2 protein chains.
Amino acid sequence: MDHQFIIVISLSLFTIMPHQSLIDSIEKVLTLTADEKVLLKGSFQTATAKKKDILLKEAEITKYSYFVEDGLLRMYATDNNGFDHNIQFAMNGWWMSDMLSLLNQTPASFNIEAIEDSRLLTISQPAKETLLQSIPGLNIYFRKLSENALAAYQQRFAINLSLPAQERYGKFCERYPMLIQRLPQKHIASYIGVTPEFLSKMLNRPFNQK
Amino acid sequence: MDHQFIIVISLSLFTIMPHQSLIDSIEKVLTLTADEKVLLKGSFQTATAKKKDILLKEAEITKYSYFVEDGLLRMYATDNNGFDHNIQFAMNGWWMSDMLSLLNQTPASFNIEAIEDSRLLTISQPAKETLLQSIPGLNIYFRKLSENALAAYQQRFAINLSLPAQERYGKFCERYPMLIQRLPQKHIASYIGVTPEFLSKMLNRPFNQK
DNA sequence: AGAACTGCTTAATCCAGGTTAAGTGTAAGT
DNA sequence: ACTTACACTTAACCTGGATTAAGCAGTTCT
């Protein structure tokens with residue numbers, strides 16, 4: 001009885017506390033004062049996206065960085081033949097943006113789409129710059145964020161250049177086990193750089209030999 | 001006469017002023033006090049590498065970040081069949097490191113080799129952390145550095161997933177015209193993800209038709 | 001409940017790029 | 001000068017993965 005009651009309270013606290021997962025993410029790196037938290041919350045807007053909503057369209061100028069409070073996004077490029085190529089996914093607690101478009105305010109090369117209904121925090125580039133001046137410590141947070149992302153991209157490049165499709169799939173499963181169940185197979189195919197047909201064939205090869 | 005004399009002076013000033021290109025790079029982002037410059041210089045060691053010297057070997061734990069004062073480096077992964085795959089090049093004024101190995105102090109996945117005789121500045125990870133605490137403004141510099149690198153990696157991923165070899169080569173020429181003349185063709189092949197034989201065939205196709 | 005979509009599979013055919021191997025030109029090393 | 005070595009080329013053949021096309025659930029919409 002008591003136990004159930006506590007669960008209800010914590011759930012409702014959660015729903016009336018957006019920004020909390022962002023603050024948690026930041027406080028793994030540095031401590032924020034109460035004032036700073038207020039400032040931080042004020043700099044972000046909450047947003048929701050339904051499955052299949054497009055948050056950023058190729059050729060638009062990127063306005064926002066996205067922080068996923070809950071849900072799942074993908075960023076993809078479209079090739080000359082109209083096929084998608086997934087560059088990155090973002091789930092709970094991850095950031096996503098077309099960095100080049102965001103930094104240089106040039107037209108985006110990528111699209112960002114919600115794969116699941118999602119709750120997001122968004123911050124505009126000017127607001128981010130103001131925020132970084134008000135809370136210089138955040139430079140540490142964003143530095144580490146970018147450094148880690150960079151490390152991941154380097155690894156992924158090595159994998160993509162060195163390994164055949166079968167092993168690229170294996171590495172994806174190792175690294176993102178939590179995504180395997182949530183993602184339609186075609187999106188994994190696009191991420192590892194094969195067609196959905198080929199991935200299907202590969203996964204259904206008897207005994208998965210070779 | 002006078003003119004030649006000035007050149008000699010500026011050359012010798014240049015050779016007795018290592019760290020200057022690093023300071024220039026930083027001062028595009030923030031201003032350093034004289035004290036900070038001294039601190040900065042003290043945190044780096046100068047190093048030289050001859051063509052073909054290996055600065056980092058796969059499976060070693062990365063000790064240093066490298067800043068190229070002059071010369072040319074490449075970072076590459078070796079696949080199961082012993083073939084190299086170039087992940088990145090670094091020329092004058094660029095940084096290079098195996099980020100994952102550096103951040104987590106895990107065995108490196110990459111090798112770093114000098115393609116030309118090079119003058120380098122190196123900084124150990126502990127020294128970098130100390131330096132960042134002494135000069136917090138450097139967090140801005142390294143944040144921007146990583147953000148820009150990230151933007152470049154995202155773009156390169158889009159190119160690699162979406163375009164055939166011919167166009168990947170074209171994009172490489174657009175983006176790094178200064179490297180085209182300095183790099184042996186086989187290193188470009190490895191970077192864009194084809195064999196040297198195929199790149200050669202591609203470049204010598206009559207009229208370069210398709 | 002039926003229609004229309006979306007995600008996955010299977011199979012036949014095709015091709016971009018890999019592999020193997022031999023040859024040429026040039027540069028460095030003795 | 002002689003040799004070793006490396007960068008690049010050419011050509012014959014091969015293969016991983018693409019393309020096309022059709023069929024088969026499940027799901028979502030009406």
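Quick note on labels: first sequence line is chain A, next is B, and so on, each numbered from 1. Bear in mind the structure is a predicted one, so any value in this text is a computation, not a measurement.
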Regarding the side chain of B:Lys186, the nearest nucleotide among D:dC8, C:dG17, C:dT10 is D:dC8
Heavy-atom nearest pair, B:Asn86 first then B:His187, reads OD1-O, 2.9 Å
Round to a whole Å and report the spacing from CG of A:Leu163 to P of D:dG16. 15 Å
Please name the pair of heavy atoms, one in A:Ala77 and one in A:Ile87, separated by the smallest distance, quoted to 0.1 Å. N-CG1, 4.2 Å
Six-ring centre of A:Tyr153, B:Arg156 cation under 6.0 angstrom, axis tolerance 45°: no
Between protein and nucleotides 24-30 of chain D, what N or O pairs are separated by less than 3.5 Å?
none

If we ignore hydrogens and angles and just use 3.5 Å, is the side chain of B:Gln154 paired with the main-chain N or O of A:Ser97 as donor and acceptor? yes
If you round to the nearest 0.5 Å, how far is CG of A:Leu30 from CG of A:Asn139? 10.0 Å
So, does B:Thr62 use its side chain to make a donor-acceptor pair with the main chain of B:Ala108 at under 3.5 Å? no
Please determine if B:Lys51 and B:Asp117 form a salt bridge, counting it only when a charged side-chain N lies under 4.0 Å from a carboxylate O. no
Rounding to an integer number of Å, can you tell me how far A:Ile188 CD1 sits from C:dC8 C1'? 13 Å
Approximate separation, where rounding is to 0.5 Å, of A:Leu199 CG and A:Lys186 NZ: 13.0 Å
What's the CG-P distance between A:Leu203 and C:dG7, to the nearest Å? 17 Å
For DNA chain C, the residues among residues 169-181 of chain B that have a non-hydrogen atom under 4.0 Å from it: none
Taking atom NZ of B:Lys128 as the centre, does the number of heavy atoms from other residues, nucleotides or ligands within less than 6.0 Å exceed 12? yes
Rounded to whole Å, the CG-C1' distance (B:Asn81 to D:dG16) equals 14 Å
Among C:dC8, D:dG17, C:dG17, which nucleotide has an atom closest to any side-chain atom of B:Lys201? C:dG17
Tell me the closest heavy-atom pair linking A:Arg182 and A:Gly71, and the distance in Å. NH2-O, 3.0 Å
Verify whether the ring centers belonging to B:Tyr191 and B:Phe89 lie closer than 6.0 Å. yes
Output yes when at least one side-chain N/O atom of A:Gln166 is less than 4.0 Å from OP1 or OP2 of D:dG16, else no. no
When the distance from CZ of B:Arg168 to P of C:dG17 is rounded to whole Å, what number comes out? 6 Å
In this structure, how many angstroms lie between the P atom of D:dG17 and the CE atom of A:Met202, rounded? 8 Å
Can you tell me how far P of C:dG7 sits from CG of A:Asp84, to the nearest Å? 11 Å
Residue-level proximity of residues 190-200 of chain B to DNA chain C when a heavy atom falls under 4.0 Å: B:Gly193, B:Val194, B:Thr195, B:Glu197, B:Phe198
Could you check how far CZ of A:Arg182 sits from P of C:dG7, rounded to whole Å? 17 Å
